[in-house]
Amino acid sequence: MAFLPAWLSRGLADLFPAASAAEALADPDQTLAARLAQADASSRPLRVKLGIDPTGSDIHLGHSILFRKLRAFQDAGHTAVLIIGDFTARIGDPTGKSATRVQLSAAEVEANAETYLVQLGLGQDPARALLDFTTPGRLEVRRNSEWLAAMDLPAVIDLLGTSTVGQMLAKEDFANRYGSGTPISLHEFLYPLLQGYDSVAIEADLELGGTDQKFNVAMGRDLQRHHGQRPQFGLLLPILPGLDGVQKMSKSLGNTVALSEAPLSMYSKLEKVPDAVLEEYLTLLTDLALESLPTNPRERQKAMALEVTRQRHGVEAAAAAQADAARLVGGASGSAAADAEVPEASLAGVNFPAKAFYLLSAVGLCASSSEARRQILGGGVKLDGEKLVDPNQEFADAAALQGKVLQLGKKTFRRLAF
RNA sequence: GGGUCGGUGCCCGAGUGGUUAAUGGGGGCGGACUGUAAAUCCGCUGGCUCUGCCUACGUUGGUUCAAAUCCAACCCGGCCCA
């Protein structure tokens, strides 16, 4: 891998076929470095595949590391082929799943796909876009229903014939589920095959994925060979740990930072990632030169948070977020909070006279009024910096509350507005 | 299709007729502490403008003064057999 440029090798978890230097001399075609040189020489950019299943509505930082790498390929002159798995999303990728995924409707999938593209930068300020949507020849967006929806049964049978039950069960997720007696639906076996077939359909030279995609990416190689194509390279990136520092970043685990998240929220989540994962965040989410950063872990956290926020929101908003975060978490007195950029909560839906616990839930700070009651009793609620002690405290009308800052815990603030 | 075991609160998992939102753990939230955190300690962890009232133990119905606990059917799943 010493041949590879830094933009490519930064954060790499796996590359295959990973030929050794000796093999590289024997068959240069087997190394990505050689392939890159070839592409340059012949002015034929590589087709770099990245598939996404539009199963949710938010793209978070965990996904973004793949898009960042894809962008790096674009910037180096290659063609990003972004595959929207509108067809496969309806099966659900079994990877990493302990249970069969719910199947989505075509309409839901399409709606998700649209929001994904917008979050990736379609029609947005190019300076903050994750992908290059504007330079000609750098991006191809394809939906895999283009070729998958048209498959007839003989084609499906041919596809199924390229793999075996044994191979499928060798896949870790399937093996675990089978071993533990968790059900596996037959259609889930189709998923890796269909994803692999995508590589055939677009004639991919290289596929990007998380390390959990190794099986599926390798399947693409098999199928390409089966169809007489030159097999793609597989380039895998680590799975970004979530804010808990342990499990992977995933919306269902609630440990994510969304790309679309407001600057303050983004910054304050990131500035306290566990020390154990800080270096990974720096490597995977930024292009900062690690050795030139301060060594103090707290300072490194802040630098990382600031940079990631800057990428999405620009220099000024990031700096403001940093300042606000310092005020809110540090002092957290009423007046300090008043200076900072605090999200507003509307009192319009509140019926007065309002008791304190009801107010918390009506304004959306707590999920339920019962929870609000508990939070107040637990001493976690402040109004303009003063602790509320009585959940039954009554507020006669909106005028008594307007403009005040309601605080839950250390990090959740709402300015009450009408 | 047959046999058998099982489906409990966010998750795992006790509980097998009787005061009680239902032991315990995890996770989550809040408090103290700290470099924000982590670790540790403490509190909370169904809903409702709530000194009380509602829902809750796969679904529906039944037995009983009384059921998560007994019975029936159905739905879903594991294992074994076909």
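A, B, ... follow the sequence lines: proteins, then strands. Residue 1 opens every chain.
- Partners of A/H313 according to the ring pair (Phe, Tyr, Trp, His ring centres under 6.0 Å) rule, which considers only residues two or more places apart in sequence or in another chain, do not exist here.
- Candidate nucleotides B/rU45, B/rC48, B/rC50 were compared by shortest atom distance to the side chain of A/R374, and B/rU45 ranks first.
- Between the side chains of A/E207 and A/Q213, not a single donor N or O lies within less than 3.5 Å of an accepting N or O.
- Pairing each heavy atom of A/Q232 with each of A/A204, the nearest pair is OE1-CB, 3.5 Å.
- The closest side-chain donor-acceptor pair between A/Q224 and A/R221, if any, does not fall under 3.5 angstrom.
- Among the protein residues, A/N351 comes within range of the nucleic acid bases, having at least one heavy atom under 4.0 Å from a base atom.
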### Query
Taking protein heavy atoms under 4.0 Å as touching, what does nucleotides 77-82 of chain B look like 5' to 3' if B marks base contact, S marks sugar-phosphate-only contact and - marks none?
SS----
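- Ion pairing between a basic and an acidic side chain is recognised when a charged N comes within 4.0 Å of a carboxylate O; A/R310 and A/E307 show such pairing.
- A/S368 comes within 4.0 angstrom of the backbone, heavy atoms only, and of no base.
- A/D158 is linked by a side chain to side chain donor-acceptor pair (under 3.5 Å) to nothing, counting only residues two or more places apart in sequence or in another chain.
- For A/I239, the side chain to side chain contact (heavy atoms under 4.5 Å, CB included) partners two or more places apart in sequence, or in a different chain, are A/T211, A/D212, A/K248.
- Smallest separation of non-hydrogen atoms from A/G196 and A/L223: C-CD1, 3.6 Å.
- Note that the CG atom of A/L359 and the OG atom of A/S369 stand 11.5 Å from one another [nearest 0.5 Å].
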### Task
Applying side chain to side chain contact (heavy atoms under 4.5 Å, CB included), run through A/V48 and A/D205 and close with a yes or a no.
CA-CA 6 Å; A/V48 181; A/D205 293 307; over 6 Å; no
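- Using a 4.0 Å cutoff on non-hydrogen atoms, the parts of residues 277-297 of chain A near RNA chain B are A/P297, ordered by number.
- To the nearest whole angstrom, the two C1' atoms, one in B/rA22 and one in B/rG30, are 24 Å apart.
- Nucleotide B/rG31 holds its P atom 13 Å from the CG atom of A/L388, rounded to whole Å.
- The ring pair (Phe, Tyr, Trp, His ring centres under 6.0 Å) search around A/H226 returns none, not counting sequence neighbours.
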### Paired and unpaired positions of RNA chain B as dot-bracket, Watson-Crick or G-U wobble under 3.5 Å, | denoting a partner strand
((((((((.[[[..)..(.....]]]((((((.......))))))(((...)))...[[[[[..)....]]]]]))))))).
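- The salt bridge (Lys or Arg N to Asp or Glu O under 4.0 Å) test applied to A/E371 returns no partner, not counting sequence neighbours.
- Taking atom P on both nucleotides, B/rC48 is separated from B/rC10 by 14 Å, rounded to a whole Å.
- Of the N and O atoms on the side chains of A/N216 and A/Q195, at least one donor lies less than 3.5 Å from an acceptor on the other residue.
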Quick test: give all pairs of protein nitrogen or oxygen and nucleotides 26-30 of chain B nitrogen or oxygen below 3.5 Å, distance rounded to 0.1 Å.
unit_1, atom_1, unit_2, atom_2, d
B/rC29, O2', A/Q375, NE2, 2.2
B/rG30, O4', A/Q375, OE1, 3.1
B/rG30, O2', A/G378, O, 3.2
B/rG30, O2', A/G380, N, 3.4

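- Residue A/E271 contributes atom CD, which lies 9 Å from atom P of B/rA37 at whole-angstrom precision.
- Taking atom CG on A/D324 and atom P on B/rU36, their separation rounds to 18 Å, with Å as the unit.
- Whole-Å rounding puts the A/N255 CG to B/rA37 P distance at 18 Å.
- Straight-line distance from the CZ atom of A/R373 to the P atom of B/rG46: 14 Å, rounded to whole Å.
- Nucleotides B/rA21 and B/rC54 place their P atoms 12 Å apart, quoted to the nearest Å.
- With 3.5 Å as the limit, one finds no donor-acceptor pair spanning the side chains of A/W7 and A/D287.
- Here the closest heavy-atom approach between residue A/V217 and residue A/G234 is recorded as CG1-CA, 3.7 Å.
- Of the residues in residues 358-366 of chain A, those with a non-hydrogen atom less than 4.0 angstrom from any atom of RNA chain B are A/Y358.
- When the C1' atom of B/rG31 is taken as reference, atom CD1 of A/I376 falls 15 Å away, rounded to whole Å.
- Nearest to the side chain of A/S369, among B/rG47, B/rU49, B/rG35, sits B/rU49.
- Within the 4.0 angstrom heavy-atom criterion, base atoms lie near A/Q301.
- Comparing B/rG7 with B/rA68, their C1' atoms are spaced 12 Å from each other, to the whole Å.
- Counting to the nearest Å, the C1' atom of B/rG35 and the CZ atom of A/R298 are 6 Å from each other.
- Residues that satisfy the salt bridge (Lys or Arg N to Asp or Glu O under 4.0 Å) test with A/E203, not counting sequence neighbours, are absent from this structure.
- Distance, A/D275 CG to B/rA39 P: 12 Å, rounded to whole Å.
- By the side chain to side chain contact (heavy atoms under 4.5 Å, CB included) test, A/E344 is found to be paired with A/R415, A/A417, residues two or more places apart in sequence or in another chain being considered.
- Between the C1' atoms of B/rG17 and B/rC65, the separation comes to 12 Å (whole Å).
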